[in-house]
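Structure first, commentary second.
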Amino acid sequence: MKIACIGAGYVGGPTMAMVALKCPDIEVVVVDINEERINAWNSDKLPIYEPGLFEVVKEARGRNLFFSTDTKKHIGEADIVFVSVNTPTKSTGIGAGKAADLTYWEGAARLIASVSTSSKIVVEKSTVPVKTAEAIGKVLQRNCATPGVEFEILSNPEFLAEGTAIEDLRHPDRVLIGGADTVSGRKAIETLASVYAHWIPRERILTANLWSAELAKLTANAFLAQRISSINAISALCEATGADVQQVAHAIGTDSRIGPKFLNASVGFGGSCFQKDILNLSYVCESVGLKEVAEYWYQVVSMNDYQKQRFVERIISAMFNTVSKKKIAIYGFAFKKDTGDTRETPAIDVCKGLIRDGAKCSIYDPEVTPEQIFRDLSAPKFEWDRPNYSRSASHMLENVQVAPDATAAAEGAHAICILTEWDAFKAYDYQALYDKMHKPAFIFDGRNILDHAKLRETGFIVYALGKPLDPFLQKNYS
Ligand SMILES: NC(=O)C1=CN([C@@H]2O[C@H](COP(=O)(O)OP(=O)(O)OC[C@H]3O[C@@H](n4cnc5c(N)ncnc54)[C@H](O)[C@@H]3O)[C@@H](O)[C@H]2O)C=CC1
Ligand SMILES: O=C(O)[C@H]1O[C@H](OP(=O)(O)OP(=O)(O)OC[C@H]2O[C@@H](n3ccc(=O)[nH]c3=O)[C@H](O)[C@@H]2O)[C@H](O)[C@@H](O)[C@@H]1O
């Protein structure tokens with residue numbers, strides 16, 4: 001059997017590396033139009049950082065795992081073609097700002113049809129709107145020049161989280177495979193299930209109808225993001241009432257029906273998918289006339305925007321209602337720890353909000369490159385996924401510097417903001433940092449990872465998200 005995967009990104013790379021590792025009898029080729037990315041996958045400096053990924057790639061690469069730009073050859077030879085191309089939010093046209101942009105998906109489907117001389121199983125690995133398989137089926141059938149070639153489309157959404165991708169792929173809670181309830185559909189499902197069964201217990205390989213599988217992915221992300229926006233909404237009420245959001249989260253999370261995970265209040269959720277998939281879900285609801293349902297899910301994104309804005313306003317109001325010409329150290333730019341991915345990171349909106357108020361942001365992140373930070377802060381919303389977007393917001397950059405380390409960022413700063421929960425941030429010598437800062441020196445902990453009592457003893461004015469407000473903040477500027 002030969003497997004090809006279109007898209008060598010955060011999903012295509014790791015998922016196919018794990019398939020190849022666990023199925024030495026199957027040839028796995030990952031293809032991409034981005035030559036730079038493919039070259040990186042073939043080097044010792046992989047294009048994405050994930051704990052454990054390098055070891056997996058090293059073991060299978062060259063044995064039965066390959067990365068290539070020769071898309072036509074490998075797709076033409078494959079029995080199963082995974083499609084894990086990006087499906088960003090549309091930035092123009094009908095549904096702009098909500099609908100999924102399926103340009104890349106349609107391009108991949110046309111490519112598959114154009115090179116297919118034998119029947120294939122086409123697997124939706126990308127997150128797509130419900131009923132996409134129907135549209136893609138038409139593209140495949142009507143663009144295939146070879147008579148008799150049949151395409152069976154399956155939905156096999158990916159549930160890995162970045163930073164834990166390898167663990168999530170090695171021991172997933174479940175694998176979900178959706179297909180048509182026909183003889184050929186059930187056969188295709190069984191073929192794909194047999195691949196995963198090389199390392200995943202059969203009872204964890206779920207099967208469903210095609211639309212259920214497509215919708216389950218959007219629903220999973222919506223439910224996960226909704227938990228975060230719910231606890232973030234409560235964090236605002238905690239600050240207004242003297243409650244402690246971590247105590248509240250613990251108290252509700254011990255109810256087995258709620259569970260303890262995904263209840264960490266934060267400056268907001270980021271990542272390339274939560275906002276994108278909820279906007280897409282909301283749009284799908286709108287397009288079938290379910291306005292109230294669309295509005296219900298849209299509130300998850302709206303609350304996330306509110307949380308980021310509330311954090312910015314808290315900083316400005318705490319610092320005497322102006323941050324103009326003040327240096328603010330930003331610790332963490334990635335959307336979560338243990339990844340270099342900055343897509344939709346809350347740090348973008350927080351830094352833009354501070355800069356709009358005249359602040360100078362000195363940004364330090366252990367994994368994110370200066371180039372990436374400058375790109376993100378000059379990209380228009382939703383354009384981050386397009387390689388040649390216009391840098392309309394580049395004026396932002398005059399007040400941005402990227403610091404080589406945390407000490408340089410804190411030098412002469414009025415405040416430190418914790419935006420990503422990197423473990424390294426917990427171990428710093430905050431007395432030494434305090435000594436280098438303007439007074440009064442503030443710390444705004446958007447992830448609640450620091451020892452706030454100790455910081456107050458050092459002399460910092462501390463704002464901890466969702467915690468009882470520091471007297472300084474309560475008295476003058478709550
Ligand atoms: N990033 C994540 O943690 C997860 C993402 N997903 C979904 O997986 C999909 C992919 O996401 P990522 O891997 O993060 O995207 P990505 O942007 O990192 O990778 C997509 C890759 O597809 C390539 N590509 C696009 N069109 C192509 C074509 N016609 N031929 C060949 N290559 C093409 C691009 O060059 C890019 O390298 C999205 O639908 C996303 O929602 C699902 C679960 C987790
Ligand atoms: O479809 C996708 O792309 C993926 O999106 C998320 O994974 P990911 O975005 O990589 O990372 P998460 O761990 O979900 O974190 C998302 C954001 O929520 C934030 N978060 C997470 C958990 C929490 O309790 N509080 C919180 O603020 C994180 O800091 C991060 O900014 C889902 O967890 C995956 O299951 C899904 O496959």
Side-chain angles (χ1 to χ4, degrees), residues 10 89 98 127 157-165 168 173 216-240 243-282 293-314 332-339 341-350 353 381 417-422 444-450 463-467:
Y10 286 88
T89 303
K98 276 195 168 183
T127 302
E158 183 47 56
F159 297 101
L160 70 82
E162 291 187 20
T164 55
D168 295 338
D173 286 344
K217 172 61 189 175
L218 293 177
T219 306
N221 274 0
F223 268 64
L224 290 165
Q226 166 265 330
R227 278 174 78 96
I228 299 167
S229 281
S230 296
I231 198 67
N232 282 348
I234 294 299
S235 74
L237 185 55
C238 288
E239 289 170 24
D244 178 320
V245 73
Q246 287 181 316
Q247 292 175 354
V248 172
H250 180 62
I252 67 170
T254 38
D255 180 325
S256 60
R257 294 167 303 171
I258 298 174
K261 292 181 181 174
F262 261 68
L263 289 176
N264 302 320
S266 68
V267 61
F269 60 74
S272 60
C273 297
F274 274 174
Q275 173 176 272
K276 164 176 79 74
D277 293 349
I278 290 168
L279 291 174
N280 186 7
L281 177 64
S282 180
V293 179
E295 187 47 36
Y296 173 84
W297 285 111
Y298 184 74
Q299 286 310 308
V300 174
V301 171
S302 175
M303 177 51 64
N304 196 51
D305 290 340
Y306 167 72
Q307 185 78 342
K308 290 182 278 187
Q309 184 53 32
R310 186 171 82 80
F311 190 78
V312 170
E313 287 167 6
R314 174 68 74 194
F333 200 81
F335 83 93
K336 62 185 281 196
K337 72 173 183 176
D338 293 339
T339 177
D341 192 349
T342 62
R343 294 179 288 180
E344 293 297 346
T345 179
I348 292 172
D349 287 339
V350 170
K381 193 159 182 64
C417 291
I418 306 289
L419 299 187
T420 309
E421 70 285 18
W422 283 105
F444 298 92
D445 188 352
R447 296 290 183 158
N448 282 327
I449 58 171
L450 301 182
Y463 164 70
L465 190 132
K467 300 273 188 175

- Message: Minimum heavy-atom separation for Gly353 and Val312, please, with both atom names.
- Response: C-CG1, 3.9 Å
- Task: Could you walk me through whether Leu279 and Val301 pass the side chain to side chain contact (heavy atoms under 4.5 Å, CB included) test, one step at a time?
- Result: CA-CA 8 Å; Leu279 291 174; Val301 171; 4.2 Å; yes
- Minimum-distance pair of heavy atoms, taken over all atoms of Ser282 and Ala294: OG-O, 3.0 Å
- Item | Sidechain-backbone polar pair: Thr254 side chain, His250 backbone, donor-acceptor under 3.5 Å | yes
- Query: Got Val267 and Val350 here, is their nearest side-chain heavy-atom distance under 4.5 Å?
  - Reply: yes
- Side-chain contact test, heavy atoms from C-beta onward, threshold under 4.5 Å: evaluate it for Gln309 versus Asp349 and give yes or no. no
- Query: With side chains defined as the heavy atoms from C-beta onward, is the minimum distance between Trp297 and Leu218 less than 4.5 Å?
  - Reply: no
- Task: Spell out, as yes or no, whether a donor-acceptor pair under 3.5 Å connects the side chain of Ser302 to the backbone of Gln299.
- Result: no
- Task: Look at the side chain of Ser229 and the backbone N and O of Gln226, then say whether any donor-acceptor pair between them is shorter than 3.5 Å.
- Result: no
- Query: So how far is it from Asn264 CG to Glu421 CD, rounded to the nearest 0.5 Å?
  - Reply: 8.0 Å
- Indicate yes or no: at least one non-hydrogen side-chain atom of Ile418 is less than 4.5 angstrom from one of Asn448. no
- Item | Nearest-0.5 Å distance, NZ of residue Lys308 to CG of residue Leu419 | 11.5 Å
- Message: Return the CD to CZ distance between Glu344 and Phe335, rounded to the nearest 0.5 Å.
- Response: 10.5 Å
- Message: Classify the ring geometry of Phe444 against Phe311: parallel below 30°, tilted from 30° to 60°, perpendicular beyond 60°.
- Response: perpendicular
- Just by distance, do the side chain of Thr420 and the backbone of Trp422 share a donor-acceptor pair under 3.5 Å? no
- Message: For Ser266, is there any backbone N or O sitting under 3.5 Å from a side-chain donor or acceptor partner on Arg447?
- Response: no
- Message: Both conditions, 6.0 Å and 45 degrees, for the charged tip of Lys98 above the ring of Tyr298: are they met here?
- Response: yes
- Task: Taking the side chain as every heavy atom from C-beta outward, state whether Phe262 and Ile228 have any atom pair closer than 4.5 Å.
- Result: yes
- Can you name the closest pair of heavy atoms from Tyr306 and Ala236 and give their distance? OH-CB, 4.4 Å
- Item | side chain to side chain contact (heavy atoms under 4.5 Å, CB included) between Lys276 and Arg343, intermediate numbers included | CA-CA 11 Å; Lys276 164 176 79 74; Arg343 294 179 288 180; over 6 Å; no
- Message: What verdict does the side chain to side chain contact (heavy atoms under 4.5 Å, CB included) test give for Asp168 and Phe159, after you've listed the backbone C-alpha separation in whole Å, the side-chain angles of each residue and the deciding distance to 0.1 Å?
- Response: CA-CA 8 Å; Asp168 295 338; Phe159 297 101; over 6 Å; no
- With no hydrogens and no angle check, is any side-chain donor or acceptor of Glu239 less than 3.5 Å from a backbone partner on Gly466? yes
- Message: Would you say that Phe333 contacts Thr345 through its side chain, given a criterion of any heavy-atom pair below 4.5 Å between the two side chains?
- Response: yes
- Message: Once rounded to the nearest 0.5 Å, what's the spacing between atom CD1 of Ile252 and atom CZ of Arg257?
- Response: 11.5 Å
- Message: Has Asp445 got a side-chain atom pairing as donor or acceptor with Ala464's backbone, closer than 3.5 angstrom?
- Response: no
- Are side-chain heavy atoms of Pro157 and Thr127 found at a separation under 4.5 Å? no
- Considering all heavy atoms of both residues, which atom of Gln307 and which atom of Gly268 are nearest to each other, and what is their separation? CG-N, 4.2 Å
- Indicate yes or no for a side-chain donor-acceptor contact from Lys336 to the backbone of Glu162 under 3.5 Å, with no hydrogens or angles considered. yes
- Item | Closest non-hydrogen atom pair, Thr342 against Ala334 | CG2-CA, 4.2 Å
- Query: Where the side chain of Ser235 meets the backbone of Leu465, is there a donor-acceptor pair that is under 3.5 Å apart?
  - Reply: no
- Query: Any side-chain heavy atom of Leu263 within less than 4.5 Å of one from Arg227?
  - Reply: yes
- Task: Provide the closest heavy-atom pair for Asn221 versus Cys273 in the form atom of the first, atom of the second, distance.
- Result: ND2-CB, 3.9 Å
